[in-house]
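Data first, discussion second: the structure below is written as structure tokens.
Computed over heavy atoms, backbone and side chain alike; hydrogens, waters and symmetry mates excluded. For clarity, every value in this text was computed on a predicted model and none was experimentally measured. First listed ligand is number 1; within each ligand, the first listed atom is number 1.
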Amino acid sequence: MDSRLIKLGEAVEFGKVDQNSPYPPQLKGELGADELARLALEEGLKPTDLLTEALVPAMDRVGQKFSENKIFVPQMLMAAKAMKAAMVHLKPFFQSGDVKTKGTFIIGTVKGDLHDIGKNLVAMMVEGGGWSIIDLGVDVNEETFKKTISEHQGAVVGLSALLTTTMTNMGEIVREIKQVHPDTTILVGGAPLNEDFCKKIGADFYAPNPRGAVEYLKQFAA
Ligand code: B1M
């Protein structure tokens, strides 16, 4: 693999946000995810390669080490911060200059869940697909989703969950939305989900990744 991608992946894995960041001590003075992502793009590496070969695998390694009790929540947080610093540079590549006319996409991470990196990636790529995005953030309850749908009739809704405990909240949210806004299309995603779960909770579509969400949304293009 390209050595620049390896370095970028390591910066995220070890939570090195930028060159000035004192954390982690062993990388003091080294370039962080911020500079490494910017340089890699300036030097012509592909944004999708940064994502699929460096950033996402780095977060997987972080998750693996967390499962094995080799790192703890603060280290996961630093890795997330480094990932976000790199994503800032990717954003312009995933946003098209087109007027956003295809419709409105309301997205949020469901109540109880604070993970937002995957949700942000989906938002970024759907926006790049020509949709206006309303990002409700994390820990979003059914009331907020319902109110936002009322204000944006016809919008498509995306729900994200990363925890096996919060994916069950997703079912509750889907039920409540469908009761008040039965015609609303809801797509769901997040690492612990699958197609069966999507069907079980009455959502319309399970997207395993942002590309899946973008492809699915094409049928609704105005
Ligand atoms: Co958390 N965490 N975390 N965490 N965390 C996981 C998810 C975990 C798998 C780690 C592990 O144990 N291996 C585990 C969940 C276990 C489980 O439920 N089975 C876990 C845990 C346990 C926890 C806490 C409970 C830890 C604790 O406090 N003891 C706690 C819960 C807090 C809460 O939410 N209430 C917690 C906290 C955190 C941090 C805050 C420290 C941080 C999040 C920071 C942030 O997001 N701003 C964090 C992190 C970073 C992770 C890992 C390491 C990385 C997540 C990530 O960003 N991945 C994660 C382990 C892992 O994923 N390997 C882990 C990269 C991202 C690009 O992928 O989010 O999967 P992902 O998104 C993908 C797809 O899922 C999909 O597309 C994305 C791109 O491909 N997708 C969608 C996502 N949403 C979609 C929506 C769609 C379509 C596709 O349509 C709408």
Side-chain angles (χ1 to χ4, degrees), residues 8-9 12-15 17 33 37 47-48 50-88 90-91 94 104-129 131 133-141 145 155-170 173-174 177 184-195 197-198 201 203-217 220:
L8 176 59
V12 169
E13 179 178 350
F14 295 104
V17 178
T48 45
L50 265 66
L51 251 188
T52 58
E53 292 184 32
L55 303 176
V56 172
M59 292 310 271
D60 282 344
R61 293 197 293 278
V62 170
Q64 185 61 33
K65 286 194 280 186
F66 180 76
S67 304
E68 294 164 358
N69 289 325
K70 290 184 178 154
I71 61 164
F72 302 94
V73 172
Q75 285 103 322
M76 273 211 293
L77 265 177
M78 289 310 293
K81 211 170 161 195
M83 170 97 179
K84 286 184 175 185
M87 277 166 62
V88 167
L90 292 177
K91 197 166 183 186
F94 293 118
T104 300
F105 184 63
I106 300 169
I107 188 165
T109 301
V110 300
K111 60 183 177 184
D113 200 321
L114 303 176
H115 297 83
D116 68 354
I117 293 174
K119 183 263 297 165
N120 293 346
L121 273 175
V122 174
M124 209 188 265
M125 295 200 189
V126 170
E127 186 173 14
W131 289 71
I133 304 295
I134 298 177
D135 186 344
L136 299 175
V138 296
D139 193 18
V140 186
N141 64 23
F145 278 110
V156 176
V157 174
L159 307 179
S160 176
L162 260 286
L163 299 170
T164 44
T165 46
T166 57
M167 63 192 259
T168 55
N169 295 341
M170 210 174 231
I173 293 173
V174 170
I177 292 177
T184 301
T185 299
I186 305 177
L187 64 127
V188 295
L193 276 71
N194 57 33
E195 201 132 3
F197 179 77
C198 167
I201 64 171
D204 297 285
F205 185 70
Y206 161 65
N209 50 44
R211 183 68 30 220
V214 172
E215 288 302 316
Y216 176 72
L217 287 171
F220 301 104

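Checked against salt bridge (charged side-chain N to carboxylate O under 4.0 Å, His left out), E195 has no partners two or more places apart in sequence or in another chain.
Protein heavy atom closest to atom 18 (O) of ligand 1, with residue, atom name and distance, is T164 N, 2.9 Å. Atom 13 (N) of ligand 1 has as its closest protein heavy atom S67 OG, 2.7 Å. Looking only at heavy atoms of the protein, atom 47 (N) of ligand 1 is closest to D116 OD1, 2.8 Å. With respect to atom 56 (C) of ligand 1, the closest heavy atom belonging to the protein is M59 CE, 4.1 Å. Taking atom 63 (N) of ligand 1 as the reference point, the nearest protein heavy-atom neighbour is D60 OD1, 3.4 Å. At the top of the distance list for atom 78 (C) of ligand 1, counting protein heavy atoms only, stands G118 CA, 3.8 Å.
The closest heavy-atom contact to atom 84 (N) of ligand 1, among the options S160, G112, A191, comes from S160.
Using a 4.0 Å cut-off to heavy atoms of V122, the atoms of ligand 1 that qualify are 82 (C), 85 (C), 86 (C), 87 (C), 88 (C), 89 (C).
Only the side chain of L121 comes within 4.0 Å of ligand 1, judged by heavy-atom distances. Looking at V138 against ligand 1, nothing comes within 4.0 Å, counting heavy atoms.
For the ligand labelled ligand 1, residue P208 lies inside the 4.0 Å heavy-atom shell. Heavy atoms of G190 approach ligand 1 to within less than 4.0 angstrom. At least one heavy atom of P210 sits less than 4.0 Å from an atom of ligand 1.
Protein N/O/S atoms closer to atom 1 (Co) of ligand 1 than 2.8 Å number 1 in this structure.
At under 3.5 Å, not a single nitrogen or oxygen of N209, backbone or side chain, sits near a nitrogen or oxygen of ligand 1.
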Sequence neighbours excluded and cut-off under 3.5 Å, please list the side-chain donor-acceptor pairs for residues 74-88, or say none.
residue, atom, partner, partner atom, Å
Q75, OE1, F72, N, 3.1
K84, NZ, D116, OD1, 2.9
K84, NZ, D116, OD2, 2.9

Side-chain donor/acceptor pairs under 3.5 Å, residues 206-217, sequence neighbours excluded:
residue, atom, partner, partner atom, Å
Y206, OH, L193, O, 3.3
N209, OD1, R211, N, 3.4
N209, OD1, G212, N, 2.8
E215, OE2, K218, NZ, 3.0

